[in-house]
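Only heavy atoms go into these numbers, but all of them, side chains included; no hydrogens, no water, no symmetry mates. Counting starts at 1 for both ligands and their atoms, in listed order.
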Amino acid sequence: MARPARRAGNLPAEATSFVGRRRELAEVRKKLTEARLVSLAGPGGVGKTRLAIRAATDLGRGFRGGAWLAELAEVRDPDLVGSAVLAALDLRDQAATEPLALLRSYLRDKELLLVVDNCEHLLEPAAGLVADLLKAAPGLRVIATSREPLSVAGEHVVPVPPLELPPAHLPIPPSRGEPLASLRRSEAVMLFTERAAAASGTFELTTGNQAAVADLCRRLDGLPLAIELAAVRTRVLTVAQILAWLADRFSLLTGGSRGALPRHQTLRTTIEWSHDLLAGGERTVLRRCCAFAGRFTLDDVEAVCTPAGSASEGGMGRWAGGGVAAEEALDLLSSLVAKSLVMKEDAGGIACYRLHETMREFAGLKLRESGEEESVELRCAEYYHATCQRSARERRYGLLDWLEWADLEIDNVRAVMQQCVNRGDASRGVDLAASLGWFWITRATTEGIRWLDTFLALAEERGNTDGRGWGYFMRGFLAVLKADPAGSRPALRRAVAVARETGQRELLSEALAMAAVAEDMAGAHDAAGVLIGEADVAARAVGHYPSARVGVLQAQTLHAFFAGDQAAARAAAAEGARRARDAGDHYVQGIMLLNLGSAALNAGDLDEAKPLLAEALRLARQIDDRVAQFYLLDALGCHAALSGQARRAAQLLGAADSVRADAGANVMQFMAPLLDRATKMAVAALGEARFRAGFEAGQRLDRDEGLRLALGEPARDGAGAPGGMPGPDGAPGRGRPAGAGGAAGPGRVPRRARVPGAAGVPGRDGAGAGLLAKREADVARLVAEGLTNKQIGARLFISERTVDSHVRNILNKLGAGSRAQIAAWMATLDH
Ligand SMILES: Nc1ncnc2c1ncn2[C@@H]1O[C@H](COP(=O)(O)OP(=O)(O)O)[C@@H](O)[C@H]1O
Ligand SMILES: [Mg+2]
């Protein structure tokens, strides 16, 4: 589950060509130098989002922290605006820190450009958040898009006009092609021509159709969305036909006078027209798609928009098929995409779809008119409920696939949960919130707690007991992750009580085991011991259910850690790791390997610890569990220090610290003494200054690079670099301490760095600095300071191109794969 690399930003690649907007781009650039918040305001479909992304792509290079896009279109809940920005910045709400506090502290020292897109439906919370963040983070600049300005102090508003239209009077017939050329310079015509050519494959602007094209663009007010809808129709209609059809509609509305329609009505009429040309099945699918709050897949459409969907038999009776069969869904969807009514995106290899906000509003209107609104909403709720409930307890054995699904669908499920709140549907709500447990655990702990509290309170109020037990269990689990045993205790007590009342043995043993963890965390070790005993008895009664046994083992391991009994911790963790591996329970397997590796480390068994920790880290990377990644980077940092690799230790501990901060996590209590010892050893070996330099270089690595460093993998962006990540401790060929990168480690990788080109990588004594020419060494130092090539050029009075070529040479010589690695290397040289 690859995540976007940090610091580089997350702006999407543009899927279609971008046209014009030079004036507006220049204005945004200028305003952004004067103000820290620039809002692009204008009606739906006028091109705000495209302009914002293009501006941010151009300007992002000037920001050390890059440019980032937080998309609010899919967010329905005002309380989740902060979480959306947090997730967009690739941060995690996974530990004790509140999401907003984390956002503020993360941004405090960043130089970063943030696009907050589609604020209109959440104007107040979006404005509040932006104002708050701008205050907390002096290096932050924001481009917001919205139909109306945010009305925040210091905001500069750039009204986004439609695309530039062709001059009013073209000389017709044209004299020697000159007017055609000037027509092509009009932004609106350019967009129409490009989209028509892409749709029909043959369209060209000619002297024959130029007048009609110019007229059509004017009729459409230069609105990009309207132009795109009209252009795709050139597949089967001539421009003159399109113009005639639309002109009829417009004159109906304006009573014959030309061009008097307000813009939103022009767009609305064009969408109506485009919609009326659809076949019946296409219309049905389009209006029903607005049931999805976020992105959706073909499976979703089949289930929710056609009668053969498998959402639930209960819903079928009330469902009018609307003439759409499930087998037709793919064709209908393809056709809607081809007609620019539905947008197609790619989410990690899965095709998914989305409606433009303006189109969603229109589809919502059509759905209401059709009288299907309630049944579609209900069907959507039934579908997500059924999908989430299906083997909810087995989910942990196919966690990677499920998380991929949840990452894509979470906004739809959130919308269904909101419906449950509105309808007072406690039972479905608790089921949904509890079954999303692994998402909350690894992605959004605070949010999970909020949903669970809402639904559990509702369930208590209604005396509704179904599914409550697992809801309480999950609530307790999330509180444990938040290091909040006080919040965890009552929830787990309720889970135990419900389990006893309803005879749910799996729940009983898991809740008892989790309650033991909470007690240990609160310092009540005796109570924890008693609970572990009870959980063990309950787990034995379950027998076949592996997670019950594994839950007990996890509680036993932590209990042993708290008691300082390393041997007991190792025994329990070893059994837990084996059982979790056998069952395919990746999350627990990772945790158990972490426990086992840490225990080995504590006992000084370094060779044994390393592969365990590395395997756990690989799992944490797959699951994208940031807190586990932090623990493991720290543990591997300790391992490096204890095995005499002080510089590697400094870097790994630095990398761990930055992952920790971005996940709002804290150092684990029982790891603290080891960490302290390891840090002291590394400082003693390197001296305070070089340790600090290495630590800071590690902090500057992006997360992916930090993980690669820890796992000894080659750097990701090997552009121009012959080898991978150089051996982090000492030059390849200098010989590494036995056991550190040998059979025990993932040793295959550093070997790549042992290619001749990397043979002279600077060593600890700094001799390798001689490998770089003086100018290259100067450039490398400035790269390490974080300067861009342009800034370096200015500093050294050489051209940016020359700097580019120096940087390429440095990468080659060091066998490094990125600027961050150059920085890491420079930091470890003698000053
Ligand atoms: N300058 C442009 N060049 C190319 N396509 C554009 C441009 N501006 C808008 N579009 C297209 O027009 C449609 C509407 O634009 P969008 O930016 O989503 O509008 P808004 O955000 O104002 O609702 C999108 O399909 C977009 O790709
Ligand atoms: Mg938009």
Trainee: One thing to verify: whether K48 and E24 come together as a salt bridge, which I'm taking to mean a side-chain N less than 4.0 angstrom from a carboxylate O.
Mentor: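 K48 and E24: not salt-bridged.
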
Trainee: So, taking the atom named CG in L267 and the one named CG in L229, what distance separates them when rounded to the nearest 0.5 Å?
Mentor: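 The CG atom of L229 is 7.5 Å from CG of L267, to the nearest 0.5 Å.
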
Trainee: Would you please indicate yes or no on a ring centroid separation below 6.0 angstrom for F203 and F192?
Mentor: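 Under 6.0 Å, so yes.
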
Trainee: Which word best sums up how the rings of W405 and Y384 line up, parallel for under 30°, tilted for 30 to 60°, or perpendicular for over 60°?
Mentor: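 Judged by the thresholds at 30° and 60°, the geometry between W405 and Y384 is tilted.
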
Trainee: Answer yes or no for T49: is there an N/O/S atom below the 2.8 Å cut-off from the Mg ion (ligand 2)?
Mentor: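 Yes - counting backbone and side chain alike, T49 has an N, O or S atom under 2.8 Å.
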
Trainee: Inspect the contact between R414 and E74 and indicate whether a charged nitrogen and a carboxylate oxygen are less than 4.0 angstrom apart.
Mentor: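 Salt bridge between E74 and R414, a charged N being under 4.0 Å from a carboxylate O: no.
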
Trainee: Using the test side chain to side chain contact (heavy atoms under 4.5 Å, CB included), find all partners of A444 that sit at least two apart in sequence or belong to another chain.
Mentor: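 Side chain to side chain contact (heavy atoms under 4.5 Å, CB included) check on A444 returns D93, F439, W440, E447.
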
Trainee: Using a strict cut-off of under 4.0 Å between a residue heavy atom and any atom of ligand 1, list the qualifying protein residues by chain and number.
Mentor: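 If the criterion is a heavy atom under 4.0 Å, then ligand 1 touches S17, F18, V19, R21, P43, G44, G45, V46, G47, K48, T49, R50, L191, R195, P224, L225, E228, H356.
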
